[in-house]
Amino acid sequence: ITKCGKKGAFLQLGNTTEPVQVCETEDGLILDFSDPSVQARYEQIITPEAQDAVSKVLSLALLEKPKRKKPSQQQSRTMQAPKIAPKPIPVVEKPNAAGQWKKCSPNKKPNCGLLHDTMSLEWGKFKDLVDELQADMDKADDEWEALSANLNTQLDMFAGQKGSCQTKMSETVASKNLLTEEKNEKDAQHHELEASYQKKMAICKARVEELLYTGVCATIQVRNEVMKSSKVSPPEKITDCDVKDWVPGQCSVACDNACPKKVGGVIDPFACGGTQTLTRSIVVKNNDFGVTCPSLKQRTRCGQFKCPVDCKMSKWSRWSACTKECETGTAQKTRSVLAKPKNGGQSCDSTVETRSCNVGSCDRDCKLQSWTAWGPCSMSCNPGNTPGFQERTRSVLVPIRGNGKCPNAKHVSRYQKRVCNEHRCRGDEVCVAKQDLIIALDASGSLRESGFKILRNFVVNLTSTYKAEYAGAEAVRLGVVLFGNGARQKDGTVSPAINVVGLTKNFAEVRKKVKA
């Protein structure tokens, strides 16, 4: 198609067996070639701008020139698109043979090797997808197992704490009941002792009053009245003895658990306890006319009460696990009461102690281990522009927590690489490093026979660059496996690789079996 100025275009059809058809589409008029190759070439080289130009040229070429009419008012406002009657296309009974070369035919024999490789690649692709999905499922399952184990651990911890609290509650209730029982017993003893005390004190008070006011005070008053008429010992010359109060000495027993002891259903104050000596000193000594001093010593009962029992507690347990891994948790240690206090003994101290733990933030960066030693050089010499290199790494010692940060495995803080063995290769280098080398030889159909021969000869030549022994020491052992043989198992999987020769130091045998 050649554009001719501004008023036309020239369409050169060439030597075509069938005429070019003009078809009307939604995008305008287009050309339709009967030859598929020409049609494909046409669609390949034409641009959208050129397609628009072709559509306009075809419209101008196929439209008849209309007669001049005076346009009506409505026609002046609205332009009607011309209608083109498409040229009828004859019915074709059989498809064009020139365009059938791309269709599948059972008579054509495919390249089975390439087909097998294609199907193997497809099988491998979907197998990889299955493996990736299985890996994701296993990972999710592992995460669930870890979460479940963590939750179960927390449940066990809470169950333990609940059991501990219930045990403490039971101990507290038992202690309360025991103390209530002891209190009731003490109240009964108190009432009994109080009644006995009041009764005895009433007797003692009456006796003291009798002795004091009748036996002493009244006698002294009578004496003083009588002695007023005496010229030898008038009252002013009489000096009576005066003593201090009693001072108790140490009791023979500190306490006696047998008290109070009843004899005939009545508490006997002399049946239990110990004794002690009461002493008192003279304040004013009497003269010959006064009352003489009373006894300055006297024994009495003492220690007539039960011995006190102090609280006895077990040793502290170890600190429990922290309730939180970060942001401040608590840990506890406990101890139990072995013997409760009695009879005014020392009371029990706290059975639980709590301390804060893991006060650090939940966001923790990872901690790295030290650098590993430099690994072996990847190449013994430089064959061109690819010298060898050595690597060393740092693995994660403590993982991150929360929103912590950790460099990836290839970050400069975890991975380092340096050049080594930069000297040029001479071509006669041999490998003498002690190693076991398995050469995997590809036998898939994609190589074809010529490619497989090249690869096989390369393996044969490669074996000559290794030494089984060097300087009297073992060096290299070689083995060869053949994979991609194309055999398929009954379960649909590809057969495993063939072991051509196992690890051996006989390199001549290796070369012989590879050539075979």
Step-by-step side-chain hydrogen bond (donor to acceptor under 3.5 Å, both in side chains) determination, E181 to N177: CA-CA 6 Å; E181 183 180 353; N177 295 334; over 6 Å; no

side-chain contact (heavy atoms from CB on, under 4.5 Å) between C377 and Q390, intermediate numbers included: CA-CA 5 Å; C377 192; Q390 291 176 288; 4.3 Å; yes

In sequence, state the C-alpha distance, the side-chain angles, and the governing distance for C326 and R401, and then conclude on side-chain contact (heavy atoms from CB on, under 4.5 Å). CA-CA 9 Å; C326 52; R401 185 174 60 195; 3.8 Å; yes

Starting from the C-alpha separation in whole Å, work towards a yes-or-no answer on side-chain contact (heavy atoms from CB on, under 4.5 Å) for K513 and T504. CA-CA 12 Å; K513 290 189 175 182; T504 180; over 6 Å; no

Intermediate values then yes/no, side-chain contact (heavy atoms from CB on, under 4.5 Å), D240 and N286: CA-CA 5 Å; D240 296 327; N286 63 296; 5.5 Å; no

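Atom CG of D288 has 12 or fewer heavy atoms from other residues, nucleotides or ligands within 6.0 Å. Counting heavy-atom neighbours within 6.0 Å of Y470 OH, excluding the residue itself, gives a total of 12 or less. A 6.0 Å sphere centred on CD of Q250 holds no more than 12 heavy atoms belonging to other residues, nucleotides or ligands. More than 12 heavy atoms of other residues, nucleotides or ligands shown are found within 6.0 angstrom of NZ on K168. For K306, the NZ atom counts as densely surrounded, since its 6.0 Å shell holds more than 12 non-hydrogen atoms of other residues, nucleotides or ligands. Within a 6.0 Å radius of OH in Y197, no more than 12 heavy atoms belonging to other residues, nucleotides or ligands are found. No more than 12 heavy atoms of other residues, nucleotides or ligands shown are found within 6.0 angstrom of OH on Y213. Environment of CG in D245: sparse, with no more than 12 heavy atoms of neighbouring residues, nucleotides or ligands closer than 6.0 Å.
Scanning all heavy atoms of the two residues, the minimum distance from V476 to A433 falls at CG2-O, 3.2 Å. The nearest pair of heavy atoms linking C366 to L368 is SG-CD2, 4.0 Å. Nearest heavy atom pair, residue C241 against residue P294, reads SG-CD, 4.4 Å. Across all their heavy atoms, W374 and Q416 have their closest contact at CZ3-O, 3.7 Å. In this structure, V430 and S464 approach most closely via the heavy-atom pair CG1-O, 4.4 Å. When all heavy atoms of A475 and K467 are compared, the closest pair comes out as CB-O, 3.0 Å.
The closest side-chain heavy-atom distance from N421 to M379 is not below 4.5 Å. Proximity of R299 to T275: side-chain heavy atoms (C-beta onward) are separated by under 4.5 Å at one or more points. You'll find the side chain of R335 reaches within 4.5 Å of the side chain of D349, heavy atoms only. When side chains are defined from C-beta on, P248 counts as touching L278, because their heavy atoms get closer than 4.5 Å. Side-chain contact between D363 and I400: absent, with no pair of heavy atoms (C-beta onward) separated by less than 4.5 Å. With contacts defined as side-chain heavy-atom distances shorter than 4.5 Å, the pair I220/N224 qualifies. Side-chain contact check for T465 versus E429: every heavy-atom pair is 4.5 Å or farther apart. Residues T351 and T334 are not in side-chain contact: their nearest non-hydrogen atoms beyond the backbone lie 4.5 Å or more apart.
When atom types are taken as modelled, the side chain of S196 and the backbone of E192 share no donor-acceptor pair closer than 3.5 angstrom. Distance alone, capped at 3.5 Å, places no donor-acceptor pair between the T239 side chain and the G290 backbone. Distance alone, capped at 3.5 Å, is enough to place a donor-acceptor pair between the R301 side chain and the C272 backbone. Proximity of a side-chain donor or acceptor of S336 to a complementary backbone N or O of S314 within less than 3.5 Å is not detected. Looking at R424, its side chain never comes within 3.5 Å of a backbone N or O of C381 through a donor-acceptor pair. A donor-acceptor pair is defined here as one N or O able to donate and one able to accept, closer than 3.5 Å; such a pair exists between the side chain of Q276 and the backbone of G249. Side-chain atoms of R456 do not come within 3.5 Å of backbone N or O of A516 as any donor-acceptor pair. For the pair N257 (side chain) and C307 (backbone), a donor-acceptor distance under 3.5 Å is present. N358 contributes a side-chain N or O that, together with a main-chain N or O of K324, makes up a donor-acceptor pair within less than 3.5 Å. A donor-acceptor contact shorter than 3.5 Å is absent between the side chain of S148 and the backbone of W144.
For the atom pair CD of E422 and CZ of F389, the computed distance is 13.5 Å after rounding to the nearest 0.5 Å. Rounding to the nearest 0.5 angstrom, the gap separating the CD atom in E182 from the CG atom in N343 is 7.0 Å. Going from atom OG1 of T393 over to atom NZ of K417 covers 13.5 Å, rounded to the nearest 0.5 Å. In this structure, M313 CE and K340 NZ are separated by 9.0 Å, a value rounded to the nearest 0.5 Å. The distance from the NZ atom of K186 to the CG atom of L193 is 9.5 Å, given to the nearest 0.5 Å. Expressed to the nearest 0.5 Å, how far CZ of R280 lies from CH2 of W246 amounts to 4.0 Å.
Just one of K228, Q221, R223 meets the side-chain hydrogen bond (donor to acceptor under 3.5 Å, both in side chains) condition when paired with E225; it is K228. Checking each of V510, L478, I438, L437 against L503 for a side chain to side chain contact (heavy atoms under 4.5 Å, CB included) leaves exactly one that passes, namely I438. The side chain to side chain contact (heavy atoms under 4.5 Å, CB included) test with V501 singles out one residue from V481, V480, N506, and that residue is V480. Checked against V514 for a side chain to side chain contact (heavy atoms under 4.5 Å, CB included), the options L482, I439, V459, N457 give a single hit: V459.
Using modelled atom types, one finds a donor on one side chain and an acceptor on the other under 3.5 Å when comparing D442 with S444. Looking only at atom types and distance, the side chain of S395 has a donor-acceptor partner in the side chain of Q369 under 3.5 Å away.
The pair E210-R207 counts as a salt bridge, with a side-chain nitrogen and a carboxylate oxygen less than 4.0 angstrom apart. With respect to the salt-bridge test (charged N to carboxylate O, under 4.0 angstrom), the residues E509 and K512 do not qualify. Salt-bridge annotation for R477 and D436: present, with a side-chain N of the basic residue lying under 4.0 Å from a carboxylate O of the acidic one.
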